[in-house]
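Worksheet for the structure shown next.
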Amino acid sequence: MSKTGHLRKISLVLSIIIIFSLVIGSTINATTEASKRSEAKQAGQKADEFYQKVGEAEAKIRTITEEINNKQAEINSTKANIEKTKQDIDKQNDALNNRLSVMYKTGSIGIIEVILSSSDINELLTNISMVQRILSNDKKVLKELKKKRKDLEKLQDELSKQEENLKKSQEEIQSIRNQYKADAEEYKRQEQQLLEEANNIAAETARAQA
């Protein structure tokens, strides 16, 4: 075989090897690229799932925040009622004390005045009964006001506990929401990285084929 023929044979073998290598390389690159894009798609889906959870958590936070605001409004209203009841109790105490002071400031003079001012036994009994009813009514009103104040203070404590529990729930959901967001952003970062790697592989394959 001539030297020229031998060189042609070697050249042909080298060309076949190069073409074979390119085909194998392109196949491997195509498989790797497809794998990267598949992983990127999965990461993107995970990111979307966590972003959805972030939205759901934020909706819960808004609902709880509204409940907290409503509860605070109830607490403020209850405090105002307690303050008003305290004032009513003070007024009722003053009225009762003034009445008792007038009646008993000189011992039994109040009763003596009632007797002396009565024209007959019937009027006397009526006057005494009236005084007793007034005092009894004063004491009853005062007792009711004190009970109302106690009930309002108990309600205030209950509302404050409910508000505290709502705030704890809000903080817990906020923490979960932050974790969801961090997970979503991590999956989104992975998706972008995998897509970038897939694009680099595609560009490398194109350059090799050229």
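Only a predicted model underlies this, so the values are computations on that prediction, with no experimental measurement involved.
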Problem set entry | Partners meeting side-chain hydrogen bond (donor to acceptor under 3.5 Å, both in side chains) with Asn178 (sequence neighbours left out) | Gln174

Exercise. Hey, is Lys167 close enough to Glu163 for a salt bridge, meaning N to O under 4.0 Å?
Worked result: yes

Exercise. Between Asp90 and Lys86, does a salt bridge (Lys or Arg N to Asp or Glu O under 4.0 Å) hold up when you go through it step by step?
Worked result: CA-CA 6 Å; Asp90 291 340; Lys86 285 180 180 178; over 6 Å; no

Problem set entry | Partner of Glu58 by salt bridge (charged side-chain N to carboxylate O under 4.0 Å, His left out), out of Lys181, Arg177, Lys53 | Arg177

Exercise. Between Ile61 and Tyr180, is there a shared hydrophobic cluster once you connect ILVMFWY residues whose side-chain heavy atoms come closer than 4.5 Å?
Worked result: no

For this session: Return the set of residues passing salt bridge (charged side-chain N to carboxylate O under 4.0 Å, His left out) with Glu171 (not counting sequence neighbours), or none when no residue passes.
Result: none

Exercise. Side chain of Thr85, backbone of Asn81: donor and acceptor closer than 3.5 Å?
Worked result: yes

For this session: Given side-chain contact (heavy atoms from CB on, under 4.5 Å), test Tyr51 with Lys188 step by step and report yes or no.
Result: CA-CA 10 Å; Tyr51 277 129; Lys188 180 59 68 175; 4.3 Å; yes

For this session: Could you verify whether a donor N or O on one side chain and an acceptor N or O on the other, from Glu196 and Asn200, lie under 3.5 Å apart?
Result: no

Seminar exercise, completed: Closest non-hydrogen contact found for Ala184 with Ala47 is O-CB, 3.6 Å

Exercise. Partners of Gln193 by side chain to side chain contact (heavy atoms under 4.5 Å, CB included), sequence neighbours excluded?
Worked result: Arg189, Glu197

For this session: Could you tell me the separation between the NZ atom of Lys46 and the CD atom of Glu191, rounded to the nearest 0.5 Å?
Result: 13.5 Å

Seminar exercise, completed: Students should find that the hydrophobic cluster of Leu152, defined by side-chain heavy atoms under 4.5 Å apart, otherwise consists of Ile82

Problem set entry | side chain to side chain contact (heavy atoms under 4.5 Å, CB included) involving Ser160 - partner list, sequence neighbours excluded | Ile75, Gln156

Problem set entry | Steps toward side-chain hydrogen bond (donor to acceptor under 3.5 Å, both in side chains) verdict (Glu74, Asn70) | CA-CA 6 Å; Glu74 288 184 56; Asn70 292 337; over 6 Å; no

Exercise. With a cut-off of 6.0 Å (strictly less than), are more than 12 heavy atoms of other residues, nucleotides or ligands near NZ of Lys71?
Worked result: yes

Exercise. If we only count heavy atoms from C-beta on, is the Leu195 to Lys36 side-chain gap below 4.5 Å?
Worked result: no

Exercise. Are the side chain of Ser169 and the backbone of Asn165 linked by a donor-acceptor contact shorter than 3.5 Å?
Worked result: yes

Exercise. Is any NZ, NE, NH1 or NH2 atom of the basic residue among Asp157 and Lys161 found under 4.0 Å from an Asp or Glu carboxylate oxygen of the other?
Worked result: no

Exercise. Do we see a donor-acceptor contact under 3.5 Å between the side chains of Gln179 and Asp183?
Worked result: yes

May I have the list of side-chain donor-acceptor pairs in residues 142-151 shorter than 3.5 Å, sequence neighbours left out?
| from | atom 1 | to | atom 2 | distance (Å) |
| --- | --- | --- | --- | --- |
| Lys147 | NZ | Asp151 | OD2 | 3.0 |
| Arg149 | NE | Glu153 | OE2 | 3.2 |

Seminar exercise, completed: Scanning both residues in full, the closest heavy-atom pair of Ala198 with Arg37 reads CB-CG, 3.6 Å

Exercise. Rounded to the nearest 0.5 Å, how far apart are CD1 of Ile89 and CG of Asp94?
Worked result: 12.0 Å

For this session: Mind telling me whether Phe50 and Tyr187 have parallel, tilted or perpendicular rings, with 30° and 60° as the class edges?
Result: parallel

For this session: Given side-chain hydrogen bond (donor to acceptor under 3.5 Å, both in side chains), test Gln190 with Glu186 step by step and report yes or no.
Result: CA-CA 6 Å; Gln190 291 179 17; Glu186 174 60 22; 3.1 Å; yes

For this session: Could you please spell out the steps behind the side-chain contact (heavy atoms from CB on, under 4.5 Å) verdict for Gln72 and Asn76?
Result: CA-CA 6 Å; Gln72 186 59 52; Asn76 292 338; 3.1 Å; yes

Problem set entry | Nearest-0.5 Å distance that lies between atom CG in Asn69 and atom CG in Leu166 | 10.5 Å

